[in-house]
Colleague: 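Sharing a structure with you now.
Just so you know, ligand 1 is whichever comes first in the structure, and atom 1 is the first atom listed for that ligand.
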Amino acid sequence: MNEQHHGFETLAIHAGQEADPATGAVITPIFATSTYRQDGVGKPRQGYEYSRTQNPTRAALEECLAALEHGARGLAFASGMAAEDTLLRTLCKPGDHVVIPDDAYGGTYRLFAKVAEPWGLAHTPVHVADVDAVRAALRSRPTALLWVETPTNPLLAVADIARLAEVAHEAGALLVVDNTFASPYLQQPLTLGADVVVHSTTKYAGGHSDVVGGALVTADATLGERLAYGQNAMGAVAGPFDAWLVLRGLKTLAVRMERHSDNAERIAAYLAGHPKVGQVLYPGLPEHPGHEVAAKQMRRFGGIVSFRLAGGAAAAIEVCERTTLFTLAESLGGIESLIEHPGQMTHASAAGSPLEVPDDLVRLSVGIETIDDLLDDLAQALG
Ligand code: PLP
């Protein structure tokens, strides 16, 4: 397939997914095999030798992810954290320094603070929406990576990817963008100058809360080779069943993201007018400080809405426990709506750190249910 000429929806359904040459199966099979018969010593039949190194189901997913992100190489992992860990240990060495968001996903922060730091990798948290602060942090000492999420989890801060790519490259650092919240449908960081994109495919890519996975994508073939080497050497790969679920999820990513965005826009507007809500954090609201940058680099504003309760932490916890359609659960990006209290749930690992989140904060992962039902549920929960 000539990927240059096809639109996003077509690539999501077809890239890397030719009909199976052996059987004609239209849908990529789940190749549940660890090894492959060779035609002679050192002569693998179609390049496949061992499934940690390469597996056809995973290869289909990896090719599809690369096409959707406009990359040259996609790599699929057992989880988002596995992708992040492989990236860090492949591109950094003990003694290096990285700059990270001051409200990164709690698990990402834990990886930097509790795993990478004892290994010898120093980090500086910075507000990624503030380009001058990022530049200053990069200049403070030689830096291997500038790592950003945009929008961030859970405060929905927006980083200007194109400007940060310039700032990172001036400082001799690579720009890594965690694109989990936006998904490749809403935002394509590699086209804006980022060097590597990270995904928790557990979220919008999979889209149905039935699989845990991660991915790395890069437009630079040499960087892709290095990361593929790290993927095989460390071995935290996506299994074929999980790769198949993510590949199936990607086929409907575009239509899901449109509906997630429709519903989230309505909910953000509703919450912004509610007397018990102190502040709504959603990049689609014109008053959001990152609105202009988000409008420039995102197709729409996505399905995550965070808000702070005027009544403080107790009110936030009460709302989380009173919804009936929004399920109280961690994670995000599935078709069903979820609600959570980041301070005590997803971001509990950042408690007491510079990345601690406000305790009056509630995060919604707005699903694709009927919007009036979602609004009714929030109305009754807010009381
Ligand atoms: N990045 C972001 C923005 C996330 O929200 C998450 C998980 O919530 C991760 C990375 C980690 O991914 P996983 O849970 O698949 O390991």
Colleague: Nearest protein heavy atom to atom 10 (C) of ligand 1, by residue and atom, and its distance?
Modeller: E84 OE2, 3.3 Å
Colleague: For ligand 1, is there an N or O atom under 3.5 Å from any N or O atom of M81?
Modeller: yes
Colleague: In terms of atom number and element, which parts of ligand 1 are under 4.0 angstrom from non-hydrogen atoms of S79?
Modeller: 15 (O), 16 (O)
Colleague: Look at atom 2 (C) of ligand 1 and find which of D178, V211, T108 reaches it with the closest heavy atom.
Modeller: D178
Colleague: The test is side chain to side chain contact (heavy atoms under 4.5 Å, CB included); show your working for L227 and R73 and say whether it passes.
Modeller: CA-CA 9 Å; L227 292 168; R73 189 80 185 249; over 6 Å; no
Colleague: So how far is it from L146 CG to I100 CD1, rounded to the nearest 0.5 Å?
Modeller: 10.5 Å
Colleague: Look at atom 4 (C) of ligand 1 and say which protein heavy atom is nearest, naming residue and atom and giving the distance to 0.1 Å.
Modeller: Y105 CG, 3.7 Å
Colleague: What I want to know is whether V212 and ligand 1 share at least one N or O pair that is separated by under 3.5 angstrom.
Modeller: no
Colleague: Suppose we call two aromatic rings close when their centres sit under 6.0 Å apart. Are Y185 and F8 close by that rule?
Modeller: yes
Colleague: Tell me which protein heavy atom sits closest to atom 5 (O) of ligand 1, plus the residue, atom name and distance to 0.1 Å.
Modeller: N153 ND2, 3.0 Å
Colleague: Closer than 3.5 angstrom, by distance alone: can the side chain of D103 be matched with the main-chain N or O of A157 as a donor-acceptor pair?
Modeller: no
Colleague: Can you list every salt bridge (Lys or Arg N to Asp or Glu O under 4.0 Å) pair that touches residues 104-124, not counting sequence neighbours?
Modeller: none
Colleague: Could you tell me, atom by atom, which parts of ligand 1 come under 4.0 Å of a heavy atom of G213?
Modeller: 15 (O)
Colleague: With sequence neighbours excluded, give me every side chain to side chain donor-acceptor pair (under 3.5 Å) pair touching residues 271-290.
Modeller: none
Colleague: So for K203, does at least one of its heavy atoms come nearer than 4.0 angstrom to any atom of ligand 1?
Modeller: yes
Colleague: Does a sphere of radius 6.0 Å around CD in Q380 hold more than 12 heavy atoms from other residues, nucleotides or ligands, not counting ones at 6.0 Å or beyond?
Modeller: yes
Colleague: Do any N/O atoms on S200 end up under 3.5 angstrom from N/O atoms on ligand 1?
Modeller: yes
